[in-house]
Protein chains: 2
Amino acid sequence: MTQVSETRAARRSWQDIRDEIHSRVLSRRYKPGDKLPRDEDIAEELGCARSTVQRAMQDLNDAGIVERKRKSGTQVRPDPVTRATLDIPITRVEVEARGARYGYQMLARGHEMTPPPVASAFGLSAPEEMLHIEALHLADDAPFILEDRWVSLGTCPEIVDVDLSVQSANEWLVMHKPYDLMDLRFYAVNANGEMAARLNVSEGAALLVIERSTWIGKRPITTVRSVTTPGYQLLTGS
Amino acid sequence: MTQVSETRAARRSWQDIRDEIHSRVLSRRYKPGDKLPRDEDIAEELGCARSTVQRAMQDLNDAGIVERKRKSGTQVRPDPVTRATLDIPITRVEVEARGARYGYQMLARGHEMTPPPVASAFGLSAPEEMLHIEALHLADDAPFILEDRWVSLGTCPEIVDVDLSVQSANEWLVMHKPYDLMDLRFYAVNANGEMAARLNVSEGAALLVIERSTWIGKRPITTVRSVTTPGYQLLTGS
DNA sequence: TAGTGGTCTAGACCACTAA
DNA sequence: TAGTGGTCTAGACCACTAA
């Protein structure tokens, strides 16, 4: 009935194993560029199953602490990086989360040939006719984000039948067009005359721009440049 | 010697299972907010082990497609988010990756009480004396990033003995001070007089600012405001 | 071609939490 | 307190790739 009196090590979780290996990296027992022992040997040393080491290593790999390759093994990443996860919600949800009323205005819509910056964002070799939409997202009737979007007609032919003056292209695409590759770019610009007028800010104001392009199976879906209003911040957790 | 002739389904990988569930979400067979079957039932339906479903679900959860809770099960996230991973390298490595020569200048260093914006970034209830460092990172002798950093003396007493005019605090902290919580903020500012002078840009230029704070076990380590030069972009892959 | 990481399985047990 | 996801294990086999 009673437990065997022999002391038993508490079962170690993959987080314990990860922390142990991480602390060896931080204490320089494993130095940047060093090769680590094989998973199997670490498992034996730390007294757990190989799959537990595998789980821990997967996490350290995702966090940018180590780099793993078959045959050649695991090594400490020579150049540590800070890795963060960024969540970008649908604009409507973002506005509502701030307790404001969401509004949307389509400013322009038409079929046009892609100008060079758009073609290059998509990596197109030649210009292509796409759907071009300019729209404004509002929070409590004030301008919030100005969006300039191009949508591939080849990849998304259905979008020509959607009434984008009611539902934002942002929302329609998120719900209907899955992507398998995305590219994000963030930078700052001084508001030009048009941005200043649309967003109701002074010309020259510093604005954060978020550019996003998506592809499915190497075919372009959409590329959008979102110009935010002054004071806008992008935040990450974790 | 020969294989049994009975056809066998090819073994399905966790990626296959993930894609199958994802496609059911996209096709609205499972709608936003819907509860999914238990992992065990999905495993039986798709003919794989429960742990394979678990692996697939872990990925869908990380990608923001579903939300999982014990007892109440798995549901399709009602508000889809775009989730991206951002890698921020050490500034030296970033400069070198552009093929430029890295340089570093410490502009100022001293012990000061934290001003309100810094105390609030750390969530401190009262101001505290910390190490305050201003420094400039250079690429081929041109200003690249201007950094304004505060380091907690309580959490990092060793840093007072480091010669930060040679090695950047950025680099020393990354190599010696692990953190378990990080907070990132991105926004745009118009260059004020001091920034313009330090970075050699016109006053009013739009600059991307990256603010980062780190903690270990709820104790503050460092908070840094990095002001980048015009044209600087933050990029993500995947 | 041989070595290392990646994945799958069945089963056991744990941990959290809605009811 | 009962139901569901989370983790661990041992073992088998696969997939990639440095040498």
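Keep in mind it's a predicted model, so treat the numbers as computed, not measured.
Considering all non-hydrogen atoms of both residues, Arg68(A) and Asn61(A) come closest at N-OD1, 3.6 Å. Ala84(B) approaches Leu184(A) most closely through the heavy-atom pair CB-CD1, 3.4 Å. Closest non-hydrogen pair, Thr155(B) versus Pro220(B), comes out as OG1-O, 2.6 Å.
Applying the ring-ring contact (aromatic ring centres under 6.0 Å, His included) test to residues at least two apart or on different chains, none of the pairs has a partner in residues 17-54 of chain A. Listed by first and then second residue, the ring-ring contact (aromatic ring centres under 6.0 Å, His included) pairs involving residues 79-103 of chain B are Tyr102(B)-His137(B) (not counting sequence neighbours).
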* Asked: According to the Watson-Crick and G-U wobble definition with distances under 3.5 Å, which dot-bracket string, read 5' to 3', encodes DNA chain D, using [ ] for crossing pairs and | for pairs with another strand?
  -> ||||||||||||||||||.

Can you check nucleotides 16-19 of chain D for protein contacts, nitrogen or oxygen pairs under 3.5 Å, and list what you find?
from	atom 1	to	atom 2	distance (Å)
dC16(D)	O4'	Arg70(A)	NH1	3.2

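Arg212(B) is listed as a side-chain neighbour of Thr82(A), based on a closest heavy-atom distance under 4.5 Å.
Only Arg38(B), Asp39(B), Arg50(B), Gln54(B), listed by number, bring a heavy atom of residues 37-59 of chain B to less than 4.0 angstrom from any atom of DNA chain D.
Every residue was checked against the ring pair (Phe, Tyr, Trp, His ring centres under 6.0 Å) condition with Trp14(A), not counting sequence neighbours, and none meets it.
When only modelled atom types and interatomic distance are considered, Thr52(A) and Arg12(A) share no side-chain donor-acceptor pair under 3.5 Å.
Where Lys35(B) and Trp14(A) each meet DNA chain D at their nearest nucleotide, the meeting point lying more 5' is that of Lys35(B).
For the pair Thr74(B) and dG5(D), the criterion of a side-chain N or O lying under 4.0 Å from OP1 or OP2 is met. A close approach under 4.0 Å does occur between a side-chain nitrogen or oxygen of Arg68(A) and OP1 or OP2 of dG6(C).
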